[in-house]
Amino acid sequence: MIEIKNLHAEVEGKKILKGVNLTINSGEVHAIMGPNGAGKSTLSYIISGREGYNITKGDILFDGISMLDMLPEERAAAGLFLAFQYPVEIAGVHMTNFLKAAVNSIRKMRKEEELDALSFLKLMKEKVKKLGVKEEMLKRPLNVDCSGGEKKRNEILQMAMLEPKFAVLDETDSGLDIDALKIVANGVNSLRSPERSFLVITHYQRLLDYIIPDYVHVLSNGKIVKSGDANLAKELEENGYAEFEAA
Amino acid sequence: MQNLKQPKKNKIFEDFQSESIRLFEKYGLPTTKLERWKYTKLPAFELTCSSKCDVSDKKYLKPISDAADIIKKQIFSPEKQYDMSLWDMNNAYFTDGIFLDIPKNKIIDTPITIKATETGNIRTIIRVGRNSNLTIIEKNASESKTIKNHIKQIILEDGAHLTHINIQKNDNKEAISLSTSHILVSSNANYNSVTINMGASISKTQLQADIEGENSEVHINAINKISGKQHADITALVKHNKPNCNSSQFVRSVLDDSARAVYQGKTFVGRDACKTNAKQMSNALIISNLAEMDNKPELEIYNDDVKCSHGATCGFLDEEQLFYLRSRGIAQHDAKLILIEAFLNEIIELYPENIIKVIKENMGGS
Amino acid sequence: MAVKKETIEQIEKLGKYDAGFVTDIESDKAPKGLNEDIVRFISKKKNEPEWMLEARLKAFKCWEKMPEPEWANVDFPKIDYQDAYYYSAPKMENPPKSLDEVDPKLLETYEKLGIPLREREILAGVAVDAVFDSVSVATTYKDTLKKAGVIFCSISEAIQEYPELIKKYMGSVVPYHDNKHACLNAAIFTDGSFVYVPENTKCPMELSTYFRINELNTGQFERTLIIADKGAYVSYLEGCTAPMRDERQLHAAVVELIAHDDAEIKYSTVQNWYPGDETGKGGIYNFVTKRGICEGRNSKISWTQIETGSAITWKYPSCILKGDNSSGEFYSVAITNNMQQADTGTKMIHIGENTKSRIISKGISAGKSNQTYRGLVKILPGAKKARNYTQCDSLLIGKQCGAHTIPYIENRNNTAQIEHEATTSKISEDNLFYCRQRGINEEEAVALIVNGFCRDVMQHLPMEFAVEAQSLVKVSLEGSVG
């Protein structure tokens with residue numbers, strides 16, 4: 001489903017990614033772990049098409065098609081979702097209106113019929129119930145005055161609404177206590193399906209206790225330096241990243 | 001006002017001065033029709049004499065004629081030509097002045113004191129050389145009925161730091177104090193000024209800082225502490241012409257009796273001045289029901305990558321704070337003084353200890 | 001690349017001002033130019049009583065001597081007052097007695113603009129007065145309103161039917177010599193709306209006037225007068241559009257509001273006059289004097305405006321807070337794009353004790369436009385415990401626009417409390433990217449964020465118009481990103 005081929009990228013002339021290779025098939029959950037500054041967040045931004053990154057070599061294929069020339073919204077319409085490490089606050093824009101704009105915009109790009117207000121609300125209520133999000137959240141301006149946990153739960157709700165084929169979770173566990181972490185992980189797990197794949201980016205192993213990955217990769221100094229199964233994460237927890245940083 | 005001294009023409013300025021006399025005679029004193037003078041009305045007066053400041057440290061003084069190029073350069077942005085009349089008057093009639101020229105890489109720890117005490121057109125030029133650092137304490141004081149038209153031209157070269165304390169303490173309640181400063185700021189420079197207006201019947205302090213280099217800072221702070229029929233006006237303009245600079249204008253006024261204070265502040269951000277960070281804030285405490293505060297914090301912005309804010313508040317002492325102090329046994333009068341002092345301290349305490357000491361000594365009373 | 005394609009589409013869309021069509025209808029015009037005879041002509045056309053003509057002539061004499069206001073931050077060539085028509089009316093044999101007698105072309109015009117005038121098709125609960133060039137062509141729901149005691153008619157009709165009210169109130173808030181534009185209006189106003197809500201009456205529906213300039217080279221000079229008697233309440237909305245033309249057209253209106261004891265007037269404007277094209281050609285000069293007086297105790301006047309149109313806007317809806325405990329509000333969204341210029345804001349004059357005012361202004365500048373917020377808060381010595389809160393925020397989109405904030409705050413009472421806050425910022429890249437990652441394209445994302453930025457103001461619009469205003473935000477910003 002997604003193929004990252006020999007990806008090299010720079011920010012303001014500084015080389016951040018130095019040849020990343022990664023293939024994720026339908027239904028798989030991959031985790032990328034690594035020390036701070038390894039290029040984990042850069043990778044998530046480049047996949048989703050944020051400006052300001054210079055891709056010097058390589059390609060990203062989504063269902064066999066290169067995404068590099070696509071706008072962020074076109075990538076979203078193709079089925080890509082990024083759960084942000086720091087979801088932004090947008091004053092005055094209510095979560096419900098925002099989600100409706102997003103859902104219908106994507107439907108429009110996919111040449112599907114837009115949802116009317118009623119069917120949208122119905123769909124949203126279903127998802128809200130399933131994920132256990134407080135309905136009161138929907139009436140608030142987007143992420144404004146929300147706790148870290150509430151923001152991350154909003155991200156998962158948005159993911160549920162937009163039903164992506166491929167979701168990137170960028171340090172979703174940062175700033176969460178253990179209870180919030182469980183709720184978010186349960187949300188993600190409920191969205192796992194044979195048609196949907198995930199890339200979970202994290203610094204700590206603890207998130208992977210709740211979202212069990214099929215594969216674990218270590219990203220260090222702009223490259224994937226080791227790959228393995230879920231056990232690799234446990235090893236890292238014990239030994240730290242020291243051996244990779246030295247390398 | 002009659003002429004105390006006949007102007008002795010300085011040859012270097014001859015042409016320049018005759019043109020200034022022509023302009024001044026054409027336009028006369030500024031009137032309230034000018035936006036910059038909207039809230040301040042000057043009585044008619046004539047001021048054709050010149051006077052000069054005393055400087056505590058004469059080491060860096062040079063003859064005023066050495067600053068001819070600086071003086072002749074028209075740099076103040078007038079709203080209209082006749083807004084320049086204080087400059088024209090000063091240009092026309094000053095015969096001598098101060099040129100304080102600090103060479104590069106001088107860190108001068110002891111503040112230099114400049115005193116202006118006499119009626120007249122006063123001219124002061126200050127140039128702070130590259131990477132030099134200096135504090136100037138300016139005292140504008142007198143016990144008799146003086147009229148001063150003080151024009152200051154200040155140039156900060158790359159990396160220069162100037163802390164500029166202006167204390168206006170003309171005890172005579174009929175004195176008129178007019179101070180107009182133009183400050184040219186180069187890269188990595190820092191101009192930090194505080195003006196304290198306590199005396200005179202009318203004081204008008206105009207400051208314009210042009211930021212012409214990157215990574216510089218300009219801070220223009222002021223305190224108006226006036227009573228009786230005093231009138232104090234702070235009119236400031238900071239022009240951001242280059243990226244990555246910060247500026248602030250903080251003004252606090254305490255007004256008793258039928259005093260009136262004016263703050264007209266403006267931040268200008270030009271097309272090239274991205275990443276500008278600029279703040280303006282004016283807070284006034286009005287003690288008496290006859291006092292008046294007029295605020296005009298203005299923004300003019302032509303760049304979208306900026307953070308600019310301005311604010312103004314105006315009101316009486318906080319009743320709850322007052323009550324709190326009184327409930328702790330402090331008499332009402334003292335409680336008021338404590339709160340006023342605290343209110344003004346928020347500006348004074350932006351400066352280092354030795355400066356705070358000087359300011360407090362001069363402010364007395366509180 | 002995709003970006004390029006988007007830009008091309010945006011440029012094509014720029015010419016898309018939905019209300020820019022012309023209605024082909026025969027009209028009855030005064031000769032070109034402005035002089036005393038034109039004033040007499042207008043008065044005669046309206047069959048006005050002598051006192052009205054005298055008032056007009058007095059204003060005209062004053063206007064001739066008055067200087068143009070030059071302090072505003074707008075720049076335009078001097079207006080040639082002699083090169084325009086001051087009266088133009090769709091030809092009608094006699095004034096229509098019912099909608100069936102109104103020219104179908106006119107009804108069609110309003111329908112195209114989304115303002116159907118036939119009552120059965122009308123937005124439920126909104127009565128409309130439709131002004132076409134210089135005359136009011138129809139007023140709906142008149143009878144329903146009459147039953148409640150509310151007078152809602154054209155100002156021409158009011159001069160005939162309610163001369164005592166007109167004599168008492170017209171010019172009482174905006175005197176004819178107030179400023180050059182108001183003075184011109186007092187001399188040559190052609191039509192407008194009149195509302196009187198009697199004591200202790202809540203007006204049973206939203207009132208609304210729809211202004212349309214159709215004729216070439218014609219100015220529109222309407223006059224609106226709204227009186228809410230003791231304990232009355234009324235909510236009023238005006239909308240404006242004009243065809244796309246290369247020539248500049250002048251619109252100099254006057255609106256006066258009077259609120260007596262315990263009365264409340266809510267006045268909303270959605271101003272979408274033709275703004276001119278992207279090079280600044282054509283468009284309306286919108287020079288408007290709007291002022292309300294809170295005459296009585298506990299009265300309230302609230303102005304809400306969404307300003308997206310006009311080449312030049314010069315407008316300061318104000319409140320004179322005379323009655324004790326009275327309050328004034330000003331909620332404004334102004335959007336300028338391309339070459340538009342706007343100098344707008346408000347004045348709050350506190351005279352009575354315990355008077356309150358609140359100003360929320362949101363300015364959005366895009367393209368090469370320039371926008372100024374200009375406001376005055378004045379607390380007079382008698383205004384004990386007066387309160388003002390002002391918040392004015394500016395948003396810049398692009399590198400070539402300008403935003404200016406000029407607040408005048410004059411306080412002469414020590415028990416007054418005044419707070420003023422202002423910020424200038426841009427749409428953050430982070431917010432934009434977040435929206436786009438969720439599938440919302442750049443233009444939609446900007447509209448969404450701008451609508452969020454304006455929310456504090458939008459929520460004060462009557463429900464029926466809030467949706468329209470939101471889509472107007474999007475249309476106004478077309479072509480501003482990318």
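Note: hydrogens, waters and symmetry copies are ignored here, and every other heavy atom, side chains too, is used. On a predicted model such as this, the values are computed, not experimentally measured, just so you know. The sequence lines fix the lettering, A, B, ..., with proteins before strands; numbering per chain opens at 1.
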| query | chain B heavy atoms under 4.5 Å from C:Pro407: which part of the residue, side chain, backbone, both or neither? | reply | both

| Taking everything shown except C:Lys180 itself, do over 12 heavy atoms lie less than 6.0 Å from its NZ? | yes

| field | Contact residues of residues 416-426 of chain C (partner chain B; heavy-atom separation under 4.5 angstrom) | value | C:Ala416, C:Gln417, C:Ile418, C:Glu419, C:His420, C:Glu421, C:Ala422, C:Thr423, C:Thr424, C:Ser425, C:Lys426

| task | Mind listing the closest non-hydrogen atom pair of B:Arg271 and C:Lys399 along with its distance? | result | NH1-O, 3.3 Å

| message | Can you tell me how far apart OG (B:Ser258) and CZ (C:Arg412) are? Round to the nearest 0.5 Å. | response | 10.5 Å

| message | Within the 4.5 Å heavy-atom criterion, are B:Lys38 and C:Tyr408 side-chain neighbours or not? | response | yes

| In Å, rounded to the nearest 0.5 Å, how long is the span from CZ of B:Phe316 to OG1 of C:Thr415? | 9.0 Å

| said: For B:Tyr39, which atoms come within 4.5 Å of any heavy atom of chain C: side chain, backbone, both, or neither? | reply: side chain

| Taking atom NZ of C:Lys347 as the centre, does the number of heavy atoms from other residues, nucleotides or ligands within less than 6.0 Å exceed 12? | no

| task | Quick one: which residue pairs count as a ring pair (Phe, Tyr, Trp, His ring centres under 6.0 Å) with a foot in residues 325-367 of chain C, not counting sequence neighbours? | result | C:Tyr331-C:His460

| Within 6.0 angstrom of C:Phe76 CZ, more than 12 heavy atoms from elsewhere | yes

| query | According to the ring pair (Phe, Tyr, Trp, His ring centres under 6.0 Å) rule, which pairs have a member within residues 234-258 of chain B, sequence neighbours left out? | reply | none

| note | Among C:Thr390, C:Asn414, C:Leu396, the residue with the most heavy-atom pairs under 4.5 Å to chain B is C:Asn414

| Which residues in residues 273-310 of chain B have a heavy atom less than 4.5 Å from any heavy atom of chain C? | B:Ile286, B:Ile287, B:Ser288, B:Asn289, B:Ala291, B:Glu292, B:Met293, B:Asp294, B:Asn295, B:Lys296, B:Pro297, B:Glu298, B:Leu299, B:Glu300, B:Ile301, B:Tyr302, B:Asn303, B:Asp304, B:Asp305, B:Val306, B:Lys307, B:Cys308, B:Ser309, B:His310

| query | In this structure, are over 12 heavy atoms from other groups packed under 6.0 Å from B:Lys229 atom NZ? | reply | no

| said: Rounded to the nearest 0.5 Å, what separates atom OG1 in B:Thr313 from atom CG in C:Asn388? | reply: 11.5 Å

